[in-house]
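As structure tokens, the structure follows; a few thoughts come after it.
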Amino acid sequence: MSTPSQTVGPFYGYALPFAKGGEIAPAGDPRTITVHGVVRDGNGSPVPDALLEFWQSAPDGSRTGAPGSLRRDPADGAVLGRDGVAFTGFGRVATDADGRYAVRTLPPPADAPYLAVVLFARGLLHHLHTRAYLADQEGDALLAALPEDRRATLIARQEREGVYGFDIRIQGRAAEETVFLEFHRPRG
Amino acid sequence: MTPDQNAIDAEMAAVRPDGGIHPRRGYGPYRSSALRHPRQPLVVVEDPESVELTGPVFGVSDVTDLDADLTRRHLGEPLGERITVSGRVLDREGRPVTGQLVEIWQANASGRYAHQRDQHPAPLDPNFSGVGRCLTDDRGGYRFTTVKPGAYPWRNHRNAWRPAHIHFSLFGRAFAQRLVTQMYFPGDPLHAHDPILRSVTDGSARDRLVASYVHELSEPEVSLGYRWDIVLDGPSATWAEKGEPR
């Protein structure tokens with residue numbers, strides 16, 4: 001029997017965020033894109049104590065990831081962060097006092113053109129999964145099944161070359177609340 | 001008017017168990033959940049090509065051996081009752097989750113977090129940060145040495161107290177198995193009054209958040225031993241690989 005979820009609470013700050021947590025792209029990679037946004041609650045107010053995690057395919061389609069997101073200094077144990085070479089596929093950032101976050105990563109491949117996103121927050125008893133699609137992919141089964149207004153909540157808007165805005169609304173009317181996902185065992 | 005404990009207890013007693021393992025996200029007695037849960041139903045994804053059926057990996061570069069001992073991170077020793085917490089991380093089929101990252105954080109023995117937003121006037125401990133990490137071994141095992149955290153007040157309602165707990169963050173083989181939760185200590189009278197623990201409305205599911213005291217895990221003259229096994233929910237791509245019926 002599975003272990004229940006509990007809220008991340010307000011005091012994860014020394015434990016979970018880590019240096020370069022949002023710098024998923026290898027250093028200086030010219031393909032790097034920025035995805036950023038604001039997390040808001042049911043009143044539309046920014047959520048200053050949310051934690052976001054990201055997982056995605058590498059541009060070549062690989063989903064194996066790589067260790068080293070929290071690379072450590074063997075002398076003093078400090079988190080050095082990624083080595084700037086490997087693409088670990090994983091990112092983690094806390095929102096700031098304005099509810100804002102930003103990650104810099106490599107574009108996911110055309111056959112899975114999204115960042116998988118997990119949201120944790122004080123007040124949220126069980127984390128939420130969503131996706132930031134960097135393209136409104138024709139034929140994506142999830143997007144195709146959603147009504148137009150709901151579907152729009154999963155599409156990151158391109159603000160300029162290489163910069164995408166993706167806001168998350170935890171609670172709201174159907175057209176404003178982000179679509180959150182639940183994963184079931186695949187059907188055979 | 002701010003409700004008192006009796007009012008919150010009555011609210012919790014009025015919530016009918018829904019049979020779910022996880023908390024309902026909108027749980028009235030936990031006031032902070034009111035504006036922080038979705039109102040629209042979650043959308044079910046069963047696509048075997050979902051990126052979420054795979055997940056991030058970690059390795060020996062991500063942890064150091066000292067990370068699992070929270071009592072040895074500073075020049076001096078922290079105050080409090082020395083404990084070990086150990087157990088296994090398993091998937092829903094009972095298979096061990098090996099080589100995966102386990103992260104914990106907790107208040108000190110006085111019930112104070114090393115966090116500037118924690119203004120509870122209990123003392124900080126200069127020898128305790130309350131943060132630990134390890135990788136699970138080839139049986140899915142993990143083990144931390146720490147001090148027992150104290151209970152602490154919060155502002156959900158008047159005279160509200162959180163029972164002693166340790167926060168856990170766990171990764172499975174898939175992002176869909178991700179879990180953040182809290183481990184509680186057996187026999188704590190605050191369990192009955194805590195809206196966060198009781199947001200898990202099923203009694204047996206709630207019991208799975210409470211560690212066991214295991215005398216054989218206690219070390220003579222050193223520490224008390226607790227055991228807590230964790231079972232991750234959610235699908236992963238390995239179901240298909242193992243050729244099991246879907």
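Heavy atoms only: backbone and side chains are in, while hydrogens, waters and symmetry mates are out. Labels below follow one simple rule: chain letters A, B, ... track the order of the sequence lines, proteins then strands, and each chain is numbered from 1.
Counted by atom type alone, Ser32(B) and Arg122(A) present one or more donor-acceptor pairs between their side chains at under 3.5 Å. Checking Trp228(B) against Thr3(A) by side-chain atom types alone, no donor-acceptor pair falls below 3.5 Å.
Here Arg82(A) does not pair with Asp62(B) in a salt bridge; the nearest charged N to carboxylate O distance is not below 4.0 Å. Remark: Arg185(A) does not engage Glu46(B) in a salt bridge, criterion side-chain N to carboxylate O under 4.0 Å. For Glu52(B) and Arg63(A), the salt-bridge test fails: no basic side-chain N is under 4.0 Å from an acidic carboxylate O.
Atom CG of Leu179(B) sits about 9.0 Å away from atom OG of Ser2(A), to the nearest 0.5 Å.
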Subject >> Step-by-step salt bridge (charged side-chain N to carboxylate O under 4.0 Å, His left out) determination, Arg178(B) to Glu53(A) >> reply: CA-CA 10 Å; Arg178(B) 190 81 178 84; Glu53(A) 288 185 347; 2.6 Å; yes
Original post:
Can Glu182(A) and Val45(B) be said to form a side-chain contact (heavy atoms from CB on, under 4.5 Å), step by step?
Top reply: CA-CA 6 Å; Glu182(A) 185 168 37; Val45(B) 180; over 6 Å; no
**OP:** Begin with the C-alpha distance, continue with both residues' side-chain angles, and end with the deciding distance and a verdict on side-chain contact (heavy atoms from CB on, under 4.5 Å) for Gln6(A) and Ile196(B).
**Re:** CA-CA 7 Å; Gln6(A) 294 270 269; Ile196(B) 292 181; 3.4 Å; yes
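Less than 6.0 angstrom separates the ring centroid of Phe90(A) from the ring centroid of Phe58(B).
Both the backbone and the side chain of Gln182(B) have a heavy atom closer than 4.5 Å to some heavy atom of chain A.
No side-chain donor-acceptor contact under 3.5 Å links Tyr12(A) to the backbone of Trp105(B).
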